[in-house]
Amino acid sequence: MSDSPCTACGACCAGFRVSFYWAEADDAPGGTVPVALTETVSPHLRCMKVAERSGPDAWRCIALKGRVGKQVACSIYPLRSSTCREFDPYDARGRPLEACNKARARHGLPPLKGRPS
Ligand code: SF4
Ligand code: SF4
């Protein structure tokens with residue numbers, strides 16, 4: 001984690017609605033995401049509640065702590081959904097994801113160049 005750009009960023013957690021299969025919430029057997037932090041999207045989908053409704057943080061996840069672009073942490077890190085766990089800033093070849101850099105740009109953060117070697 002020490003060379004991850006994410007702990008000093010958080011732009012994706014503040015820039016996208018994060019949805020996932022409903023049974024990943026902890027009111028289903030084996031689910032982990034605290035259901036109180038989620039909203040229903042459809043019969044099969046839930047999303048993280050948002051803490052902001054305007055500006056660059058318009059989709060800020062309620063579980064995100066800290067200041068975007070400075071220092072952030074996920075308050076439910078071990079319990080987060082597969083959507084969060086699978087979102088990596090880099091693809092398999094180490095190139096930055098377009099969605100990541102778009103989220104960073106919305107917060108005035110420079111684009112990632114590639115996975116540090
Ligand atoms: S926008 Fe990219 S660098 Fe920032 S927290 Fe998300 S994945 Fe990490
Ligand atoms: S649950 Fe954690 S990792 Fe997922 S969007 Fe919210 S703050 Fe980010």
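Just so you know, ligand 1 is whichever comes first in the structure, and atom 1 is the first atom listed for that ligand.
- Of all atoms in ligand 1, listed by their number and element, those nearer than 4.0 Å to a heavy atom of G10 are 4 (Fe), 5 (S).
- Side-chain N or O atoms of E24 include one that pairs as donor or acceptor with a backbone N or O of S82 at under 3.5 Å.
- Protein heavy atom closest to atom 1 (S) of ligand 1, with residue, atom name and distance, is C12 N, 3.5 Å.
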Test V33 against M48 for side-chain contact (heavy atoms from CB on, under 4.5 Å), laying out the working first. CA-CA 9 Å; V33 183; M48 295 303 295; 3.7 Å; yes
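- Close approach to C84 involves these atoms of ligand 2, each under 4.0 Å from a residue heavy atom: 1 (S), 3 (S), 4 (Fe), 5 (S).
- Residue nearest to atom 2 (Fe) of ligand 1, selected from A103, C100, P96: C100 (by heavy-atom distance).
- Side-chain N or O atoms of D57 include none that pairs as donor or acceptor with a backbone N or O of R60 at under 3.5 Å.
- With a 6.0 Å cutoff to the six-membered ring centre and a 45° limit on the axis angle, R106 counts as a cation-pi contact of F16.
- Protein heavy atom closest to atom 6 (Fe) of ligand 2, with residue, atom name and distance, is C61 SG, 2.4 Å.
- Summary of contacts: the protein heavy atom closest to atom 7 (S) of ligand 1 is F87 CE2, 3.5 Å.
- In the vicinity of R104, heavy-atom distances shorter than 4.0 Å reach the ligand 1 atoms 1 (S), 3 (S).
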After noting the C-alpha distance and the side-chain angles of D26 and T32, does the key distance pass the side-chain contact (heavy atoms from CB on, under 4.5 Å) rule? CA-CA 5 Å; D26 65 1; T32 58; 5.7 Å; no
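- Taking a 6.0 Å sphere around NZ of K49, one finds it holds more than 12 heavy atoms contributed by other residues, nucleotides or ligands.
- For C6, the nearest N, O or S atom to atom 8 (Fe) of ligand 1 falls under 2.8 Å.
- At the top of the distance list for atom 8 (Fe) of ligand 2, counting protein heavy atoms only, stands C13 SG, 2.4 Å.
- Put simply, the side chain of S75 never gets that close to the backbone of L64: no donor and acceptor are under 3.5 Å apart.
- The part of V18 lying near ligand 2 is the side chain, judged by heavy-atom distances below 4.0 Å.
- Atom numbering of ligand 2 starts at 1 in the shown order; those under 4.0 Å from a heavy atom of I76 are 1 (S).
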Report the C-alpha separation of F20 and T38 in whole Å, then their side-chain angles, then the decisive distance to 0.1 Å, and conclude whether the side-chain contact (heavy atoms from CB on, under 4.5 Å) test is met. CA-CA 10 Å; F20 45 87; T38 73; 3.8 Å; yes
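- Residue, atom and distance of the protein heavy atom nearest to atom 4 (Fe) of ligand 1 are C9 SG, 2.3 Å.
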